[in-house]
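Below is one structure; the comments refer to it alone.
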Number of protein chains: 2
Amino acid sequence: MLHVAEAARVSVATVSALINGTATVSPELSQRIEQAIRDIGYKRNAIARSLKMGTTRTIGLTVPHITNPFFTDVVSVIQQAFDRAGYAVMLCCTDEDLNTQDDQIRLLLDRMVDGLIVARVGDGAILKGIVESANVPVVLLDRVCEGVDTDTVVLDNQRAVFDAITYLIDLGHRRIGYITGTFDISPMHDRMAGYREALQAAGLPVENELVRFGNFHEVDGYNATMQLLSLHDRPSAIFSANNPMVIGAMKAIRDIGLSCPQDISVACFDDFPWSDVFQPQLTTVSQPVQAIGEQTANLLLDRLAGNRDAPPRKLTLKGRLMIRNSCRPLGAVAQSVSA
Amino acid sequence: MLHVAEAARVSVATVSALINGTATVSPELSQRIEQAIRDIGYKRNAIARSLKMGTTRTIGLTVPHITNPFFTDVVSVIQQAFDRAGYAVMLCCTDEDLNTQDDQIRLLLDRMVDGLIVARVGDGAILKGIVESANVPVVLLDRVCEGVDTDTVVLDNQRAVFDAITYLIDLGHRRIGYITGTFDISPMHDRMAGYREALQAAGLPVENELVRFGNFHEVDGYNATMQLLSLHDRPSAIFSANNPMVIGAMKAIRDIGLSCPQDISVACFDDFPWSDVFQPQLTTVSQPVQAIGEQTANLLLDRLAGNRDAPPRKLTLKGRLMIRNSCRPLGAVAQSVSA
DNA sequence: TGACACGATCGAAACGTTTAGATTAGCGTT
DNA sequence: AACGCTAATCTAAACGTTTCGATCGTGTCA
């Protein structure tokens with residue numbers, strides 16, 4: 001900017017005024033300045049601007065895994081929304097690791113991001129401290145964090161799983177295997193509650209041997225399913241509480257020589273774009289990713305626009321059970337077995 | 001830092017020296033400073049530091065779509081690599097739009113990113129100008145850019161498609177539909193060359209009616225396949241040059257009442273994590289995403305480590321044909337038809 | 001004609017760091 | 001006792017902006 005000012009024989013203040021439109025500058029000088037800008041190829045240094053203004057027009061976004069299609073879709077929507085609003089997005093993947101997450105959030109705050117969207121991981125204690133000491137708005141995505149009182153967008157997970165399990169029960173299933181991630185994040189907790197609630201509502205027992213834990217990855221779903229299928233009285237249906245693990249479940253079913261839905265019914269949380277096309281067409285709980293992404297972005301953009309003092313807002317969206325052909329009525333299975 | 005200095009009764013220079021270890025500071029002052037840092041909860045302002053140092057420890061990454069599993073995987077690997085190296089990643093999705101891409105790259109450069117990874121879009125002319133005027137290292141990912149002489153990581157696309165089409169020909173297919181994206185990006189150009197080459201090597205004609213263009217999205221694959229299937233003499237196999245479009249192709253096949261591989265064989269570029277599990281199990285060209293991501297990151301990290309003057313390096317990796325069950329020997333098809 | 005308002009422009013401080021060079025103190029040498 | 005050397009510390013400039021308040025013509029009005 002100094003060079004531009006010199007070339008146009010004006011002060012830097014005038015150049016700044018013209019660029020930002022913060023004061024009127026005469027047509028004559030305007031033209032000289034614009035010419036100089038073109039000649040020199042001047043670009044405003046956003047870092048210096050950020051330092052002076054105290055705002056970076058950048059937000060931080062942390063998600064557990066970007067390869068999980070749910071997060072991929074949501075990240076994509078969020079990225080577009082902030083792009084439209086002239087913000088850049090710094091993306092971090094925490095890989096479901098607490099320390100990584102804390103490091104990354106600190107990194108983002110050091111860089112003076114104007115806001116933060118966090119699909120958190122693990123225990124919320126440190127997060128709570130960070131969020132409270134940071135003086136930027138934070139939106140929690142997908143996962144609530146007890147004790148952290150801030151804007152949040154989540155799904156009604158309990159209800160969604162309740163519906164899915166109830167559907168299986170209505171089909172005649174009585175022993176339903178359940179593969180879950182660890183309970184330290186709220187969706188896993190709430191989904192499990194939906195499982196329990198559905199069984200209890202149908203007067204069925206919640207059997208510990210039917211509930212298996214994994215660490216969200218495909219391999220965990222594989223191992224969990226192997227265990228479920230080697231049970232003495234094996235389940236007739238399996239529900240996976242997330243989407244990568246169901247791939248593992250399907251591999252286990254294949255490797256053990258069974259097939260879905262003939263031998264075992266399968267449903268899971270989170271939809272795939274190809275669910276309609278490949279066999280078996282999975283019955284899933286579909287999350288409104290577009291809405292989730294947009295609402296999350298809007299909550300943060302609203303805070304960034306200055307609405308800092310409004311009380312925390314919590315948005316709860318509804319999932320939708322997408323019934324396809326991966327679950328069979330148990331009557332039919334029983335018949336074919338007895339036949 | 002000023003407050004810390006005051007609280008510890010030292011100068012800011014000493015605080016800076018201690019924090020960065022750029023000079024020895026006495027145990028006594030060290031302790032006072034560290035205490036003050038803890039008391040105040042001081043965090044170094046990375047923006048001010050960047051302004052002074054001329055480096056942000058941030059890189060920019062632009063990809064056409066983050067929802068394309070290929071880019072998702074690569075982005076994930078790159079993100080991890082830079083995370084380990086202490087860099088933040090600014091992610092931008094260009095949505096295959098040239099103007100969006102140019103805007104985003106300019107945005108990233110204004111923010112003084114230390115380096116750039118670009119999976120480019122459209123015509124490379126503007127990109128060329130931007131890259132040359134930017135004085136940061138740039139690595140081209142997945143797509144070369146004629147005229148832009150910089151580090152590049154690509155797949156041997158022509159060879160990969162040659163292998164895939166040759167495989168189909170060996171199965172007995174003679175009329176092979178080909179769905180491609182526009183040729184302004186090098187992979188589409190090279191893949192098409194592989195298609196031609198394979199046909200010519202087998203003495204088969206390249207028929208225009210069998211080649212359909214789309215804009216990379218699922219819906220384009222759908223439309224293209226609809227056109228191919230309504231041809232008077234319809235193809236016995238279809239190859240999709242990217243991965244979202246094959247989903248559309250499968251939907252078209254289903255909607256028209258055909259099935260794969262019984263009625264039509266299908267193969268495509270880019271693997272899915274679930275290809276092994278769902279039916280039909282797609283035969284695909286698998287890219288070594290881990291290696292691509294790592295090599296790309298390494299090239300840039302090497303430049304960032306100071307190796308600026310080495311000549312541009314171009315890495316070409318090999319794809320791998322994953323043969324599954326979505327392609328049928330044409331003999332068998334012919335028999336079942338004639339039977 | 002002098003006072004005044006107004007529009008255009010500029011000078012300089014500030015944002016929070018890093019760092020070159022100056023200063024100071026302590027200590028051994030001669 | 002004077003000197004020089006080293007280690008520790010500090011002063012102040014610089015990075016590239018924004019912005020407050022000052023300055024300076026110019027035209028208007030009493």
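Proteins come first, then strands; the chains are lettered A, B, ... in the order of their sequence lines, and each starts at number 1.
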Using a heavy-atom distance cut-off of less than 4.0 Å, which residues of residues 29-49 of chain B contact DNA chain D? L29(B)
Working note: D142(B) + I292(B), criterion side chain to side chain contact (heavy atoms under 4.5 Å, CB included); need CA distance, chi angles, decisive distance, verdict. CA-CA 8 Å; D142(B) 181 56; I292(B) 292 175; over 6 Å; no
Bend across the helix from dT1(C)-dA30(D) to dT30(C)-dA1(D), to 10°, with axes taken over 5 pairs at each end? 70°
Over how many whole Å does the gap from L51(A) atom CG to dT18(C) atom P extend? 12 Å
Can L155(A) and T316(A) be said to form a side chain to side chain contact (heavy atoms under 4.5 Å, CB included), step by step? CA-CA 5 Å; L155(A) 200 81; T316(A) 303; over 6 Å; no
Tell me if a side-chain donor or acceptor on T58(A) pairs with a main-chain N or O of T56(A) at a distance below 3.5 Å. yes
Between dT17(D) (C1') and M112(A) (CE): distance, integer Å: 13 Å
Report the nucleotide, chosen from dT18(D), dT19(C), dA8(D), that has the shortest atom-to-atom distance to any side-chain atom of V12(A). dT18(D)
Is the CD atom of Q31(A) crowded by more than 12 outside heavy atoms at less than 6.0 Å? no
Closer than 4.0 Å, any side-chain N/O of T14(B) to the OP1 or OP2 of dT9(D)? no
Between dT11(D), dA13(D), dG16(D), which nucleotide has the shortest distance from any of its atoms to the side chain of K52(A)? dG16(D)
Grab the CD1-P distance between I19(A) and dT18(D) for me, whole Å please. 7 Å
Would you mind checking if R32(A) and E6(A) are paired as a salt bridge, meaning a charged N to carboxylate O distance below 4.0 Å? no
Whole angstrom is fine here: how far is it from NE2 in H3(A) over to P in dC15(D)? 9 Å
Under-4.0 Å salt bridge between R313(B) and D302(B): yes
Does any donor atom in the side chain of N298(B) or R303(B) lie under 3.5 Å from an acceptor atom in the other side chain? no
Rounding to an integer number of Å, can you tell me how far L18(A) CG sits from dA8(C) P? 13 Å
Side-chain N or O of S11(B) versus OP1/OP2 of dT9(D): is the shortest distance under 4.0 Å? no
Pairwise 5' ranking along DNA chain D for M53(B) and A17(B), keeping only the more 5' one: A17(B)
Given atom CG of N20(A) and atom P of dG16(D), what is their separation to the nearest angstrom? 17 Å
Let me know the distance between CD of E28(B) and P of dT9(D), rounded to the nearest Å. 8 Å
Please identify which of these residues, L315(A), D151(A), T152(A), I59(A), meets the side-chain contact (heavy atoms from CB on, under 4.5 Å) condition with V139(A). D151(A)
Derivation of the side chain to side chain donor-acceptor pair (under 3.5 Å) call for N135(A) and R308(A): CA-CA 10 Å; N135(A) 49 359; R308(A) 291 303 179 88; over 6 Å; no
Spacing of E6(A) atom CD relative to dG11(C) atom C1', expressed in whole Å: 15 Å
For S16(B) and dT17(C), is the shortest distance between a side-chain N/O and OP1 or OP2 below 4.0 Å? no
Looking at R9(A) and E28(A), does any basic side-chain N land under 4.0 Å from a carboxylate oxygen? no
If you assign each of M1(A) and V10(B) to its closest nucleotide in DNA chain D, which residue comes earlier from the 5' end? V10(B)
